Each structure stands twice: as structure tokens, then as C-alpha cells.
Novice: 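Below you will find the structure I want to go over with you.
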Amino acid sequence: MPSKYNRISESEDTRTLKPEVHPIWNGIGFALIILIPILAYFGAIELLNLNTKYQWVRIPQELIIYKLPDHLLLVKIILIIVLIFLLAIIFSAITFFLYSLFVPTRYGPMDVPYLKYKGKHYKR
């Protein structure tokens with residue numbers, strides 16, 4: 001039973017007012033969650049190999065742990081995290097661009113945008 005001041009009846013479903021996301025975007029997001037760490041791992045390995053060949057950046061001695069079988073483990077972890085952030089930003093920009101290309105605009109050329117004017121605020 002609707003309350004005295006509630007204008008929305010219970011039979012009206014408010015969930016239909018929200019725009020629905022196409023299911024393919026859920027699949028793309030899931031693929032990116034799996035793909036980005038894998039690409040970051042292989043990218044970090046390749047960057048470390050190229051760094052040993054061309055000596056781009058000198059790795060600090062504090063990041064090299066000689067007690068571990070893989071001395072550069074800490075460097076790899078830091079590089080993987082940085083590459084995850086960079087790849088996420090790049091893929092988000094590409095996804096935003098594709099989304100803006102294929103999703104229709106909210107209003108057509110003959111529509112006037114809805115004004116969110118609630119009226120004058122007055123006190124009793």
C-alpha cells in the first residue's frame with residue numbers, strides 16, 4: 001500500500017528505468033581481468049631481459065635479494081604492478097572510446113534535455 005506522500009505505486013517497477021548494460025561488456029571486463037595480469041607478467045620479463053641487454057635503468061641493490069633463487073623477484077613484482085596499472089588505463093581508454101562509438105546518444109536531435117528544476121525552496 002503506497003504511503004500518503006508516495007506518488008510511485010508499488011506496481012511500477014523502478015528497475016526498468018535504469019539503462020541496461022549489454023552482456024558483451026561483462027564478458028569484455030572478465031577477459032580483461034584475466035588478460036591484463038598475464039600481459040603484465042610477460043611484459044615485465046621482457047622488459048627485464050631488454051634492460052640487461054641495453055642497460056636502460058640501473059636496478060638498485062636494495063631491490064636485489066641474493067638469498068632467493070630468483071634474485072630479481074622484488075623487481076619483477078614491482079614492475080608487474082606498474083604494468084597492470086598502465087595496461088588497465090590503456091584498455092579502459094580503448095573501451096571508453098569503443099563504448100562512445102557504438103552506444104547511441106541519450107537524446108535525439110529533436111529532444112530537449114530534461115531539466116532537474118525542483119522549484120523554489122521556501123520555508124513554512
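All values derive from a computational prediction rather than experimental measurement.
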Novice: If I take atom CG from residue Leu73 and atom CD1 from residue Ile78, how far apart are they, to the nearest 0.5 angstrom?
Specialist: 10.0 Å
Novice: Of the non-hydrogen atoms in Leu79 and Leu48, which two are nearest, and what is the gap between them?
Specialist: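 Answer, listing the atom of Leu79 first, then Leu48: CD2-CG, 4.1 Å.
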Novice: Give a yes or no on whether Ile80 and Val57 share a hydrophobic cluster (residues Ile, Leu, Val, Met, Phe, Trp, Tyr; joining criterion: side-chain heavy atoms under 4.5 Å apart).
Specialist: no
Novice: Please name the pair of heavy atoms, one in Ala40 and one in Ile84, separated by the smallest distance, quoted to 0.1 Å.
Specialist: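 Heavy-atom minimum between the residues: CB-CG1, 3.6 Å.
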Novice: Take Ile28 and Leu32, measure what side-chain contact (heavy atoms from CB on, under 4.5 Å) needs, and give me the verdict at the end.
Specialist: CA-CA 6 Å; Ile28 290 172; Leu32 288 178; 4.2 Å; yes
Novice: Should Phe30 and Leu39 be regarded as members of a common hydrophobic cluster, given that ILVMFWY residues are connected when their side-chain heavy atoms come within less than 4.5 Å of each other, either directly or indirectly?
Specialist: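 Hydrophobic grouping puts Phe30 with Leu39.
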Novice: Shared ILVMFWY cluster between Ile38 and Ile81, side chains joined below 4.5 angstrom?
Specialist: no
Novice: Please name all residues satisfying side chain to side chain contact (heavy atoms under 4.5 Å, CB included) with Pro60, sequence neighbours left out, ordered by chain then number.
Specialist: Glu62, Leu63
Novice: Honestly curious: do Ile94 and Ile36 fall in one hydrophobic cluster under the side-chain, below-4.5 Å linking rule?
Specialist: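 Looking at the clustering, Ile36 is in the same group as Ile94.
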Novice: Test Ile59 against Ile64 for side-chain contact (heavy atoms from CB on, under 4.5 Å), laying out the working first.
Specialist: CA-CA 8 Å; Ile59 298 173; Ile64 298 174; 4.1 Å; yes
Novice: For Ile89, which residues count as a side chain to side chain contact (heavy atoms under 4.5 Å, CB included) partner, sequence neighbours excluded?
Specialist: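 Testing Ile89 for side chain to side chain contact (heavy atoms under 4.5 Å, CB included), a comparison that skips the adjacent residues, returns none.
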Novice: Determine which pairs satisfy ring-ring contact (aromatic ring centres under 6.0 Å, His included) with at least one residue from residues 35-56, sequence neighbours left out, and list them in order.
Specialist: Tyr54-Trp56
Novice: Just grab all the salt bridge (Lys or Arg N to Asp or Glu O under 4.0 Å) pairs involving residues 75-87, residues at least two apart or on different chains.
Specialist: Asp70-Lys76
Novice: So if you build clusters from Ile, Leu, Val, Met, Phe, Trp, Tyr with side-chain heavy-atom gaps below 4.5 Å, do Ile45 and Ile65 land together?
Specialist: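 No.
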Novice: By the ring-ring contact (aromatic ring centres under 6.0 Å, His included) test, which pairs, at least two apart or in different chains, include something from residues 59-80?
Specialist: Tyr66-His71
Novice: Would you mind listing every ring-ring contact (aromatic ring centres under 6.0 Å, His included) that reaches into residues 83-105, with sequence neighbours excluded?
Specialist: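 Qualifying pairs, neighbours excluded: Trp25-Tyr99.
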